[in-house]
Amino acid sequence: MQIISAEVLVSSPGRNFVTLRLTTDDGLVGLGDATLNGRELAVVAYLTEHVVPLLLGRDAHRIEDTWQYLYRGAYWRRGPVTMAAISAVDTALWDLKARAAGLPLYQLLGGRSRVGCLTYGHASGADLPELFDSVRDHLEQGFRAIRIQTGIPGLGSVYGVASSANAAAGADGVTSRYDHEPARRSAAPVEEAWDTRAYLRHMPGVFEAVRNEFGPELPLLHDAHHRLTPIQAAKLGRSLEPFDLFWLEDVTPAENTAVLRRVREHTTTPLAIGEVFNTIWDYRELFEEQLVDYVRSPVTHAGGITPLRRIFDYASVYQIKSGVHGPTDISPVGLAASLHLGIAIPNFGIQEYMRHSAATDEVFRSGVTFVDGMLVPSEEPGLGVEYDDDVASRYEYAAAYLPVNRLLDGSVHDW
Ligand code: EZ4
Ligand code: CO
């Protein structure tokens with residue numbers, strides 16, 4: 001099973017996606033997701049210039065060796081661009097091996113450990129009535145766990161709130177309240193204003209209102225997008241304790257994970273982190289001191305299925321579970337990969353699920369199904385995703401960026 005072609009495919013059905021397609025001499029095709037939101041073309045160049053030439057002629061069965069060769073062999077390790085590129089190769093090789101075996105990929109990872117992967121959806125609103133509508137809409141769609149994000153009085157659009165002025169139009173060109181695209185197409189990022197004190201004052205009341213409206217059982221989550229200092233994070237975690245969150249995500253910036261010790265000292269609200277981490281080493285201190293409860297790394301940004309499986313096994317030693325990143329910028333290929341892993345591992349927690357646009361689903365024909373609030377991987381051999389070149393060619397790349405966040409005095413802030 002020799003690799004005879006490696007194509008880097010770019011398509012933009014509502015948002016930009018980068019996909020690696022490997023073809024072998026026996027005519028098998030494997031796909032991997034290399035999408036890095038707002039930095040897509042850097043990964044295209046990394047793959048095209050430095051990885052594709054090394055893949056041609058290699059034995060596609062040698063997944064571990066290829067991973068080590070690309071990671072350790074490059075000397076320049078880690079980082080989102082490098083790791084998204086390696087992820088795509090690793091995922092495509094697993095897809096190929098499973099197709100060659102005639103089995104859905106999860107069978108090669110130990111087989112099914114559960115009926116499906118419980119998901120959470122993104123409810124949001126500028127104010128409480130809009131938020132409640134969004135929660136109801138998600139419950140009607142079948143979601144059984146919900147992330148809550150809202151506007152903050154006195155601030156304009158807030159990242160993660162679908163009704164914000166910055167919410168991009170869906171693939172059909174229509175901006176719907178529930179069809180949110182986190183990266184807006186424009187030559188430069190949109191800028192948003194942020195006030196942490198206003199946010200900390202506002203959030204407990206939001207969760208109290210949601211609990212009063214929807215009852216005590218519904219699992220609720222919240223994402224703080226790295227915006228807080230350790231003591232602010234501790235305060236938020238403590239103030240939300242009465243509302244029994246499933247998790248509080250990314251409370252502090254990713255660079256200094258040791259500060260979560262301080263947060264942990266003050267609150268029993270469960271913590272999730274890792275959507276911008278790239279390697280197992282990023283988690284070492286957090287796992288060994290049990291400073292987190294859920295691992296956010298997706299296949300697409302953590303170097304693929306091979307290292308993410310290792311991260312989850314390491315996490316399991318410390319009773320830490322998976323909580324994989326699943327926004328629309330993880331392509332259907334990346335999502336399918338996460339689900340094959342999620343259905344197999346012993347310590348699955350929850351899977352984030354933002355529905356892709358209809359146009360995206362036309363480019364990537366995925367066998368993944370959404371049943372009773374759970375995502376279930378396809379029973380087709382491999383990942384169970386096919387890439388339609390004809391449809392893909394209708395959607396050309398257009399620059400799109402995540403917003404930049406500034407404090408009210410103009411200083412750049414984390415978001
Ligand atoms: O900001 O996917 O939990 N989900 C998130 C996402 C991320 C974007 C970044 O590309 O935080 O909305
Ligand atoms: Co997040």
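Counting starts at 1 for both ligands and their atoms, in listed order.
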Fill in the blank from the handout: Tightest non-hydrogen contact, residues T196 and H413, listed as OG1-NE2, 3.9 Å

Problem - Contact summary for H301 and S87, nearest pair of heavy atoms - result: N-OG, 3.9 Å

Exercise for the section: Measure from the side-chain N and O atoms of H356 to the backbone N and O of I330, and report whether any donor-acceptor pair falls under 3.5 Å. Expected result: yes

Practice task
Sum up the protein N, O or S atoms located under 2.8 Å from the Co ion (ligand 2).
Solution key: 3

Exercise for the section: May I have the step-by-step check of side-chain contact (heavy atoms from CB on, under 4.5 Å) for L28 and D95, ending in yes or no? Expected result: CA-CA 9 Å; L28 291 174; D95 190 15; over 6 Å; no

Would [X] and [Y] count as a close aromatic pair, with their ring centres under 6.0 Å?
{"X": "W247", "Y": "Y120", "answer": "yes"}
{"X": "Y387", "Y": "F364", "answer": "yes"}
{"X": "F312", "Y": "Y283", "answer": "no"}
{"X": "Y159", "Y": "W194", "answer": "no"}

Fill in the blank from the handout: The side chain to side chain contact (heavy atoms under 4.5 Å, CB included) partner of V299 among D90, T91, V324 is T91

Exercise for the section: Return the protein residues near ligand 1 (heavy atom under 4.0 Å from any of its atoms), ordered by chain and residue number. Expected result: N37, R147, Y159, D223, H225, E249, E275, R296, H325, P327, D329, E352, L402, W415

